[in-house]
Amino acid sequence: MTRAPHLIVAIGVALGACSKPVPIPVHDLRVPVPDQWHAAETTAPPASANWWAYFGDPGLDAAIERALACSEDLQAASARIRAAAEDRVIAGAADRPELSLGINRIRQRQNFVGLPFPGLADRVLSNTFSNAGLSFNVAWEADIWNRIAADKLAAEANTRMREAELLGARLSLSAQVAKAWFAAVEAQRQIVIAEQVLANLETIVERRQVRFEAGSGSLTDVRLAEADVARARSTLRQRRQARDAFVRQTETLTCQYPAGELSVTAELAALPEQVPAGLPSDLVHRRPDLIAAEQALLSADARIAQARATLRPSFVLTSALGTSSNTLADLVNPNLQVWNYALGLAQPIFNRGRLKANVRITEERAIEQEALYQARIWTAYREIETALAAEKALRDQETSLRESHAKTRAAVKLAERRYRAAFGEVFSVLNLRRAALENESVMLGLQRTQIDNRVDLHLALGGGFDGDPANTGPASAQPTP
C-alpha cells in the first residue's frame with residue numbers, strides 16, 4: 001500500500017547517480033598577459049583603504065558616501081541582483097521533487113433519458129451521487145543529461161554578473177563624484193586667481209591713464225590695458241560659471257537639489273608623487289566589467305549545455321497516494337487508500353530541428369560573449385597603460401611649470417627691488433605679477449588634470465592600489481543578494 005513512494009525514491013536515486021558534472025568548454029583567450037605594466041615605474045604601496053581615501057579630503061569622503069547611499073541607479077542595480085537571486089532559487093528548485101496536496105468533493109446528478117423502463121414513459125429517471133478525494137502527489141524529473149544543473153549554473157553566473165555590475169556602478173559613481181568635486185574646487189581657486197589678475201590689470205589701466213593725462217604716455221597704451229581688463233572680466237565670468245556648473249553637478253550626484261550652494265574644499269588635494277607598487281597585470285581582473293563579462297560568458301556556456309540536453313530523452317517520475325470515497329468522513333480511512341506511480345520517457349522527434357537551431361543560437365551567443373570579454377580585456381589594458389603613461393607625462397609637465405613659476409617669482413622679486421630703488425618701472429612689476437598669477441592658474445589646471453588621470457587609473461584598475469575590489473562604502477549601499 002505504501003510501496004509506490006519508496007519505489008519512486010529508489011528509481012530517482014538510481015537515475016540521479018547517472019548524472020555527470022556540467023561540461024563547460026575552456027576558452028583559449030587570444031590576449032597576451034603582461035608580467036608588469038610598461039608605462040610607469042612604481043614605489044611602495046599605501047595602506048588599504050577606499051580608493052579615494054588617500055586624497056585626504058573629508059568633504060570628498062562625505063560626498064561619495066552620500067552618493068553611494070542615495071543613488072537610484074545603485075538601487076536599481078541592487079533590485080536586479082535580488083531578481084537574479086530569485087531566478088537562481090527557481091532554477092535550483094527544479095532538481096527537487098514537486099509535492100502537492102489535493103482535496104476535492106464532487107456532487108453530480110445523472111439523467112437516464114430514452115431508456116425503456118416500464119411505467120416510467122412520462123418521467124425522467126435520475127441519480128444523484130457524491131464523491132470526495134484526498135491525494136498527496138509527487139513528481140520529479142531525473143537530471144541525467146544535466147539540463148537542470150546547467151540552468152542552475154547559468155542562473156548563478158547571472159547573479160554574480162549582476163553583483164559585478166553593481167560594483168561597477170558604484171566605482172563609476174564614486175569616480176564621477178570625485179571628478180566633479182575636484183573640478184568645483186579648481187574652479188573656485190581659479191576664481192580667486194582671476195580676481196587677482198583683474199585687480200592687477202585695473203591697476204595698470206589706472207597707471208596708464210595717469211601717465212596719459214600727464215603727457216608721458218599714449219592713448220594706445222590706455223586702450224590696450226582696458227582691452228586686457230575686459231578680457232579678464234570675461235575670464236572671471238567663465239570661472240564663476242564653471243564653478244556653478246560643477247557645484248550643481250556634485251549636488252545632483254549626491255542627491256541634493258542643484259541650488260549651487262554646496263561648499264567645497266578650498267584647495268586641491270596633493271597627490272603622492274608616484275603610483276604605488278603592487279600593480280601586477282592580474283589586478284585588472286578584479287575590474288567589475290571584466291568580472292561581469294566573464295560571468296556572462298560562463299552563463300552562455302551553461303546555456304549551451306542546457307540546450308544540448310533538450311535533444312536527449314527526459315525521464316519523469318510521478319506518484320500519487322490518497323483516498324477516495326463518497327463520504328467526507330471516510331477520507332482518513334486507510335482501507336480506502338489508493339495510489340499510483342508512473343515512469344515517463346519523452347524523446348523529441350518532430351521538433352528536433354527547432355531544438356538544434358536553439359543549440360546553434362546558444363553557441364553563437366557564447367562566441368559573442370567570448371569576443372566581448374576579450375575586447376574588454378584589451379580595453380582594460382589600454383586604459384591602464386594610457387593612465388600610467390599620462391602619470392609620467394603630467395609629472396614632467398609639472399616639473400617644467402614649477403621651474404617656470406619659480407623663475408617668474410624670482411623675476412617679480414628682482415623687479416620689485418629695482419622699483420623700490422628707483423631703477424625700474426612699476427609696469428614691469430605689475431606685468432610680472434600678472435605672469436606669475438597666470439602661471440599659477442596653469443599649474444592649478446595641471447594639478448586637477450593629474451587628479452582626474454589618477455581617478456581614471458583607479459577606474460581602469462577597478463578600485464584601489466591595494467588589490468581590494470572597487471570599495472566597501474557605507475553599509476546602506478551594499479548589494480542585497
Side-chain angles (χ1 to χ4, degrees), residues 24-42 45 51-52 73 77 80 153-154 156-176 178-179 274-304 361-396 449-471:
I24 297 299
V26 178
H27 295 273
D28 182 17
L29 299 179
R30 297 175 297 278
V31 180
V33 179
D35 294 329
Q36 60 183 3
W37 304 113
H38 299 279
E41 296 179 358
T42 58
W51 71 263
W52 62 84
D73 290 338
R80 287 192 290 271
L153 181 60
E156 291 171 358
N158 186 60
T159 302
R160 289 192 292 269
M161 179 187 71
R162 294 301 185 187
E163 292 171 347
E165 288 175 349
L166 175 60
L167 286 176
R170 287 163 53 79
L171 178 62
S172 175
L173 177 60
S174 61
Q176 291 178 56
K179 285 189 174 184
Q274 286 193 343
V275 175
L279 300 183
S281 60
D282 57 358
L283 257 187
V284 71
H285 293 288
R286 54 91 185 265
R287 274 176 56 133
D289 61 335
L290 291 187
I291 296 174
E294 182 182 26
Q295 294 304 316
L297 177 57
L298 176 59
S299 177
D301 289 338
R303 293 301 180 193
I304 294 176
I361 289 174
T362 57
E363 290 173 344
E364 294 301 327
R365 287 175 178 168
I367 293 174
E368 176 190 7
Q369 291 300 328
E370 180 183 355
L372 291 175
Y373 181 41
Q374 294 189 88
R376 288 181 182 178
I377 292 177
W378 281 115
T379 299
Y381 288 163
R382 175 183 57 80
E383 291 174 350
I384 294 173
E385 293 287 3
T386 299
L388 289 174
E391 282 275 336
K392 182 177 184 305
L394 292 171
R395 284 200 304 271
D396 292 342
T449 301
Q450 289 177 301
I451 292 176
D452 284 351
N453 184 73
R454 186 64 63 85
V455 173
D456 289 337
L457 179 58
H458 285 296
L459 280 172
L461 289 172
F465 296 137
D466 50 20
D468 293 336
N471 57 72

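We count residues from 1, following the sequence as given.
Between Ala164 and Pro288 the shortest heavy-atom distance is O-CB, 3.2 Å. Considering every non-hydrogen atom in both Gln369 and Ala300, the closest pair reads CG-CB, 4.1 Å. In terms of heavy atoms, Asn453 sits closest to Ala387 at ND2-O, 3.0 Å. Between Ala366 and Ile304, the shortest heavy-atom contact is CB-CD1, 3.5 Å. The two atoms that bring Met161 and Ala292 nearest to each other are CG-O, 3.5 Å, heavy atoms only. Nearest heavy-atom pair across Ala178 and Trp51 is CB-CH2, 4.0 Å.
Using modelled atom types, one side-chain atom of Arg287 and one backbone atom of Ala460 make a donor-acceptor pair closer than 3.5 Å. In terms of modelled atom types and a separation under 3.5 Å, the side chain of Ser299 and the main chain of Gln295 share no donor-acceptor contact.
With sequence neighbours left out, the salt bridge (Lys or Arg N to Asp or Glu O under 4.0 Å) criterion links Glu156 to no other residue.
Taken to the nearest 0.5 Å, the CD atom of Glu163 stands 8.5 Å off from the CG atom of Leu166. The CG atom of Leu459 sits 11.0 Å away from the CD1 atom of Ile384 when rounded to the nearest 0.5 Å. Taking CG of Leu394 as the start and CD1 of Ile451 as the end, the distance is 11.5 Å to the nearest 0.5 Å. Taking CG from Asp301 and CZ from Arg303, the interatomic distance works out to 11.5 Å, rounded to the nearest 0.5 Å. How far CD1 of Ile367 is from OG1 of Thr362: 10.0 Å, rounded to the nearest 0.5 Å. Atoms CG and CD1, from Asp289 and Ile377 in turn, are 10.0 Å apart once rounded to the nearest 0.5 Å.
Side chains of Leu173 and Asp73 form no contact here, defined as non-hydrogen atoms less than 4.5 Å apart.
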message: Is there a side chain to side chain donor-acceptor pair (under 3.5 Å) between Ser174 and Trp52? Walk through the geometry before answering.
response: CA-CA 8 Å; Ser174 61; Trp52 62 84; over 6 Å; no

Side chain to side chain contact (heavy atoms under 4.5 Å, CB included), that's the test. Do Ile291 and Glu165 meet it? Break it down for me. CA-CA 8 Å; Ile291 296 174; Glu165 288 175 349; over 6 Å; no

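For the 3.5 Å distance criterion, the side chains of Ser172 and Gln176 qualify, holding a donor opposite an acceptor.
Salt bridge annotation for Glu368-Arg365: absent, with no cationic side-chain nitrogen under 4.0 angstrom from a carboxylate oxygen.
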